[in-house]
Amino acid sequence: AKLDGRNTFRFFTPEMQAQSVRALQLENALRRALERNQFELHYQPQITIATGEVRSLEALLRWDHPELGRISPAEFIPVAEDSGQILQIGEWVLRTALAQLQAWRAAGLPQLSLAVNISAIQFHQPQLPELVSRILAESALPPDSLELELTEGVAVDDPRAAIATMDQLHARGVRLSMDDFGTGYSSLSHLKRFQIYKLKIDQSFIRDLDHDSNDRAIVSAIIRMAQALGMRTTAEGVETEAQLAFLREQGCDEAQGYHFSPPLSAANVEAYLLHRRR
Ligand code: C2E
Ligand code: CA
Ligand code: CA
Ligand code: CA
């Protein structure tokens, strides 16, 4: 028993302790973030490669804390998932994104749609389809103006339940995208049964396209597979003209990345779209 105790003690390293202190600190700060208005959505354009048009934008959450500064969603989303806070935050994201889209459409941008990231925790809530429909109805927007970005992880534990939820969302007219495609563990036998409108090719395959022939082979294969399955493709993390040229040549539908624009505040989106149309 003594040995066990000592091993257990040693297993909890100072580094791990610092990590869990930080997670606790973030969890406490998150509890007040919504009521104190510390969240904001930024929006990153997705460019239709064939025409250069922007038809959709991805909403990305930003959190500015008065003392802790700006905290990356890559850090605080996992904390919010562990604590369950992601449900409230995710609902705020959906509501805020759709209210913004409604405002843009009213301001003369009728063709825009928005993509919203959905955490696996949210996806597994039985009420999600109902909630999405309710928020869409509140904003009086057509369901196909909303894309929900899911990750392959949603289908790992219970593929059948995941397919049923995707079917429900699809039946309500919402579009589904598979985010970070190629990095998860979903099997291709499931993919063909998913009601997926779009595959988002993970930026890890795009980054080294110029000098990695394996990445070129993978990206090209994903695009051809998606075409055969009747799904669209969006390349993430496009930063250079050379990457874009390869994607265009391979028939990728959309590109998103710093080559076009970083995520922008709502006000800057309007300026960006206006500038592009000239
Ligand atoms: P993601 O959904 O894969 O989002 C793409 C990330 O890549 C964003 O990071 C974006 O700013 C970044 N990015 C865009 N273009 C480029 C580029 O050309 N090069 C590089 N290196 N990066 C680029 P961000 O905004 O920090 O978000 C990180 C992750 O946090 C997201 O990854 C997503 O998984 C999660 N996230 C963000 N907002 C939300 C949200 O509202 N709900 C949920 N559940 N997750 C969110
Ligand atoms: Ca995403
Ligand atoms: Ca992604
Ligand atoms: Ca990602």
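Each ligand, and each atom within it, is numbered from 1 in the order the structure gives.
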> Is the distance between the Ca ion (ligand 2) and the nearest N/O/S atom of N117 smaller than 3.0 Å?
Replying inline: yes
> With respect to E147, which candidate in K200, K198, R175 satisfies the side chain to side chain donor-acceptor pair (under 3.5 Å) definition?
Replying inline: K198
> Is it the side chain, the backbone, both or neither of E58 that has a heavy atom closer than 4.0 Å to ligand 1?
Replying inline: side chain
>> Just to be sure I read this right, does ligand 1 sit under 4.0 Å from the backbone of Q203, its side chain, both, or neither, counting only heavy atoms?
In response: side chain
>> Just to be sure I'm reading this right: ignoring hydrogens, which of L60, L41, T96, I118 gets closest to atom 31 (C) of ligand 1? Compare them by their nearest heavy atoms.
In response: L60
> For ligand 1, does Q256 get within less than 4.0 Å through its side chain, its backbone, both, or neither, judged by non-hydrogen atoms?
Replying inline: neither
> Is the closest side-chain donor-acceptor distance between Q46 and S56 under 3.5 Å?
Replying inline: yes
> Where the closest heavy atom to atom 35 (C) of ligand 1 is concerned, which of S261, P73, P78, S72 has it?
Replying inline: P73
> Quick check: does D202 have an N/O/S atom under 3.0 Å of the Ca ion (ligand 3)?
Replying inline: no
>> Using every non-hydrogen atom in the two residues, find where Q38 and H65 come nearest and quote the distance to one decimal.
In response: OE1-CD2, 3.7 Å
> Is it the side chain (CB and beyond), the backbone, both or neither of N117 that lies under 4.0 Å from ligand 1, heavy atoms counted?
Replying inline: both
> Relative to ligand 1, is R62 under 4.0 angstrom through side chain, backbone, both or neither, heavy atoms considered?
Replying inline: side chain
> Atom CG in D208, atom CZ in R216: separation rounded to 0.5 Å?
Replying inline: 10.5 Å
>> Looking only at N, O or S atoms in D180, which is nearest to the Ca ion (ligand 3)?
In response: OD1
>> For the Ca ion (ligand 2), give me the closest N/O/S atom belonging to E58, just the atom name.
In response: OE2
> Short list, please: which atoms of ligand 1 are under 4.0 Å from a heavy atom of E236?
Replying inline: 3 (O)
> Could an N or O of ligand 1 be found under 3.5 Å from any N or O of L61, whether backbone or side chain?
Replying inline: yes
> In E149, what N, O or S atom is nearest to the Ca ion (ligand 2), if we give its atom name?
Replying inline: OE1
> Can you name the N/O/S atom of E236 that is nearest the Ca ion (ligand 3)?
Replying inline: OE1
>> Show me which atoms of ligand 1 lie under 4.0 Å from any heavy atom of P263.
In response: 11 (O)
> Side chains of Q256 and T234: donor-acceptor distance under 3.5 Å anywhere?
Replying inline: no
> Given that the side chain starts at C-beta and the backbone is N, CA, C, O, which of these parts of V93 lies under 4.0 Å from ligand 1, counting heavy atoms, or is it both or neither?
Replying inline: side chain
>> Closer than 4.0 Å to some heavy atom of G257 - which atoms of ligand 1 meet that?
In response: 15 (N), 18 (O)
> Does the side chain of L109 reach to within under 4.5 Å of the side chain of L101, using non-hydrogen atoms?
Replying inline: no
> What's the spacing between L146 CG and S113 OG if we round to 0.5 Å?
Replying inline: 8.5 Å
> Is any side-chain heavy atom of H170 less than 4.5 Å from a side-chain heavy atom of V174?
Replying inline: no
> Which heavy atom of F123 sits nearest a heavy atom of M166, and at what distance?
Replying inline: CZ-CG, 3.9 Å
>> Evaluate E239 for polar contact with ligand 1, using N/O atom pairs at a separation under 3.5 Å.
In response: yes
> Can you tell me how far CD of Q102 sits from CG of L112, rounded to the nearest 0.5 angstrom?
Replying inline: 13.5 Å
>> Report the atom name of the nearest N/O/S atom of D179 relative to the Ca ion (ligand 3).
In response: OD1
> Does the side chain of E270 pick up a donor-acceptor pair with the side chain of W104 at under 3.5 Å?
Replying inline: yes
>> Side chain or backbone, does H259 bring an N or O within less than 3.5 Å of an N or O on ligand 1?
In response: no
> Which of the atoms of ligand 1 are close to G237, meaning less than 4.0 Å from one of its heavy atoms?
Replying inline: 16 (C), 17 (C), 18 (O)
> Does the pair L209 and F246 meet the rule for a side-chain contact (heavy atoms from CB on, under 4.5 Å), with working shown?
Replying inline: CA-CA 8 Å; L209 269 187; F246 177 79; 3.7 Å; yes
>> I'd like to check which ligand 1 atoms, numbered from 1 as shown, lie under 4.0 Å from a non-hydrogen atom of D180.
In response: 3 (O)
> Just heavy atoms, cut-off under 4.0 Å: does Q44 contact ligand 1 by side chain, backbone, both, or neither?
Replying inline: side chain
> Would you say the side-chain atoms of Q243 and H259 include a donor-acceptor pair closer than 3.5 Å?
Replying inline: no
> For the atom pair CD (Q168) and CG (L128), what is the distance rounded to the nearest 0.5 Å?
Replying inline: 9.0 Å
